[in-house]
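Below is one structure; the comments refer to it alone.
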Amino acid sequence: MSASPLPQEILRHKRDGLQLRDGEIHSLVRGITDGSLCDAQIGAFAMAVRLRGMDPSETLTLTLAMRDSGRVIDWRAFDLPGPLLDKHSTGGVGDSVSLLLAPMLAACGAYVPMLSGRGLGHTGGTLDKLEALPGYRSTVDIDELQRVVRDTGLAIVGASSELAPADARLYAVRDVTATVDSIPLITASILSKKLAAGSQALVLDVKTGSGATLTDPDAARELAHTLVAVASKAGLKASAWITAMDQPLTDRVGNALELGAVLDVLAGRAEQPLLLSLSLALGAELMTAGGLASGWSDAVGRLRKALASGAAAERFARMVAALGGPTDVFERRNRHFAPAPMVAAVFAERAGTVTGMDVRRIGMALVSLGAGRSHPDQVVDPRVGFTALARIGCRVDSERPLALVHAADKHSLLQASDALRGAFRIVDETSQRELPLLHERIAPRATEAA
Ligand code: URA
């Protein structure tokens, strides 16, 4: 038996731009999983891949090795009466689609075992939002995950020691080492979790625009093609939509604040038009792929009905209770969310119409408020964020602020207010063209189909 290569030798190969052999990739992923690689080596690996890239075969090998760092869920014994469907996004700000879409799909007859992530770089994380609920357990064993999915139709949890553990560790290091925006690392991170969850069809939401992980439209397209091709080669039916992240999808951002926005939409108390439109589009893609609808308009009709009837809200409440969260999440939500100690309006320096914003900057302002992390063990503050965020096309002046800032203390409030002022593009004219939310659909090429 040949000895495992030394990690520093493998790192040197990638640093120098060489193609890694399968054995080298397996050895690194084993080291990430069993703890024999330290965080510095993981950071060096992530940076070498970020700078040197990986070719398609290395990306596939990394994805499969990360999937196999834990177990792959086998659903056959459950004999579920509906398809196993899943969705994942490459990350955005105010992007709570997973929280809205998963219960809508469950209410339409799908089963959704969704392995999600925490905040990554400037983007928010589904798990951080759910953990704003006291008691919510996002780390569960496979038996519990399967039971919750069987009983409620969905479970939104994280990578764990059993499911894609290599991603849990690599993800935390990438978050704080400026190594998020890498096509092979994003692909392996997302698909290792999705393949481990054992779903039958997946839709990928690949963001483009100022708040996307990859802001360049060509890079977003390449990422979408890579995700769909690697998923297909790994046997998972997948398609992708390239969608706009040129403003947050909700007018409230921050962990508890976004969760509150989703609860309002589920309960029919408020509208978040961008969030709903995108959820319907991605949901229609999945419902059609999973055989739950005859086509796009049938799927959209069913999803809307699931929302309007309260069936989606009921699914969400059951999942939260089953995973240790409150049993009265809709009825007594104010009891569960502590407000931030300080709330203040931030006004633009001049009156005018918002024509654009630097969404990445808004995301980083959220991180500095405490909604995200600057080192892997940091605990996020669920209370902080922005509400009443001005949208593109909105007029701001001395009466209408850019947003309300929710902060833990005065220093972070002032810092976030400054960042926010610098993030908005404001002009005199009032007319505004509609920006498309859905840019392009990416399907597997004939030679790739799963
Ligand atoms: N979501 C993930 O799970 N991983 C990434 O790298 C980006 C988005």
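Positions are given from 1, in the same order as the sequence printed here. For the numbers below, each heavy atom of this structure counts, side chains included, while hydrogens, waters and symmetry mates do not. What you are looking at is a predicted structure, and each value in this text was computed from that prediction instead of being measured.
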My understanding is that only residues two or more places apart in sequence, or in another chain, count here; which of them pass side chain to side chain contact (heavy atoms under 4.5 Å, CB included) with [X]?
| X | value |
| --- | --- |
| Asp216 | Asp218, Ala219 |
| Arg318 | Thr152, Glu314, Arg315 |
| Pro83 | Leu85, Gln200, Leu292 |
| Val176 | Pro376 |

Report all side-chain donor-acceptor pairs from residues 259-266 shorter than 3.5 Å, counting only partners two or more places apart or in another chain.
{"residue": "Asp264", "atom": "OD1", "partner": "Arg269", "partner atom": "NE", "Å": "3.2"}
{"residue": "Asp264", "atom": "OD1", "partner": "Arg269", "partner atom": "NH2", "Å": "3.3"}
{"residue": "Asp264", "atom": "OD1", "partner": "Arg333", "partner atom": "NH1", "Å": "2.4"}
{"residue": "Asp264", "atom": "OD2", "partner": "Arg252", "partner atom": "NH2", "Å": "2.7"}

Task: Heavy-atom pair with the smallest gap, counting every atom of Leu236 and Ala201 - done: CD1-N, 4.1 Å
Task: Ile156 versus Ala102, closest heavy-atom pair with distance - done: CD1-CB, 4.0 Å
Sequence neighbours excluded and cut-off under 3.5 Å, please list the side-chain donor-acceptor pairs for residues 119-127, or say none.
{"residue": "His122", "atom": "NE2", "partner": "Gly211", "partner atom": "O", "Å": "2.8"}
{"residue": "Thr123", "atom": "OG1", "partner": "Leu120", "partner atom": "O", "Å": "2.6"}

TODO: Can you spot which of Arg118, Arg373, Lys129 makes a side-chain contact (heavy atoms from CB on, under 4.5 Å) with Val380?
DONE: Arg373
Open item on the list: Going by side-chain contact (heavy atoms from CB on, under 4.5 Å), Leu280 matches just one of Leu307, Val97, Leu303. Which one?
Closed with: Leu303
Can you tell me which residue pairs pass the salt bridge (charged side-chain N to carboxylate O under 4.0 Å, His left out) test with a partner in [range], sequence neighbours excluded?
| range | answer |
| --- | --- |
| residues 79-97 | Asp86-Lys194, Asp95-Lys207 |
| residues 279-301 | Glu285-Arg441, Asp298-Arg302 |
| residues 37-58 | Lys14-Glu58, Asp39-Arg169, Arg50-Asp181 |
| residues 359-371 | none |

Please check: side-chain N/O of [X] versus main-chain N/O of [Y], any donor-acceptor pairing under 3.5 Å?
| X | Y | value |
| --- | --- | --- |
| Asp205 | Ala240 | no |
| Thr177 | Val173 | yes |
| Glu144 | Asp141 | no |
| Lys237 | Leu202 | no |

Checking side-chain polar atoms at under 3.5 Å, does [X] have a donor or acceptor matched by the opposite partner on [Y]?
| X | Y | result |
| --- | --- | --- |
| Ser374 | Gln378 | yes |
| Glu131 | Ser138 | yes |
| Glu258 | Ser96 | yes |
| Thr387 | His406 | yes |
| Ser210 | Asp358 | no |

- [ ] With rounding to the nearest 0.5 Å, note down the distance linking CD in Glu440 to CD1 in Ile242.
- [x] 4.5 Å
Task: Non-neighbouring partners of Glu271 that pass side-chain hydrogen bond (donor to acceptor under 3.5 Å, both in side chains), sequence neighbours left out - done: none
Task: Atom CZ of Arg71 with >12 non-hydrogen neighbours under 6.0 angstrom - done: no
Open item on the list: If you count heavy atoms of other groups shown closer than 6.0 angstrom to CZ of Arg391, is the number above 12?
Closed with: yes
Student check: side-chain heavy atoms of [X] and [Y] closer than 4.5 Å:
| X | Y | value |
| --- | --- | --- |
| Lys193 | Tyr171 | yes |
| Val157 | Leu323 | yes |
| Pro326 | Val320 | yes |

Task: Sequence-distant partners of Trp241, ring-ring contact (aromatic ring centres under 6.0 Å, His included), two or more places apart - done: none
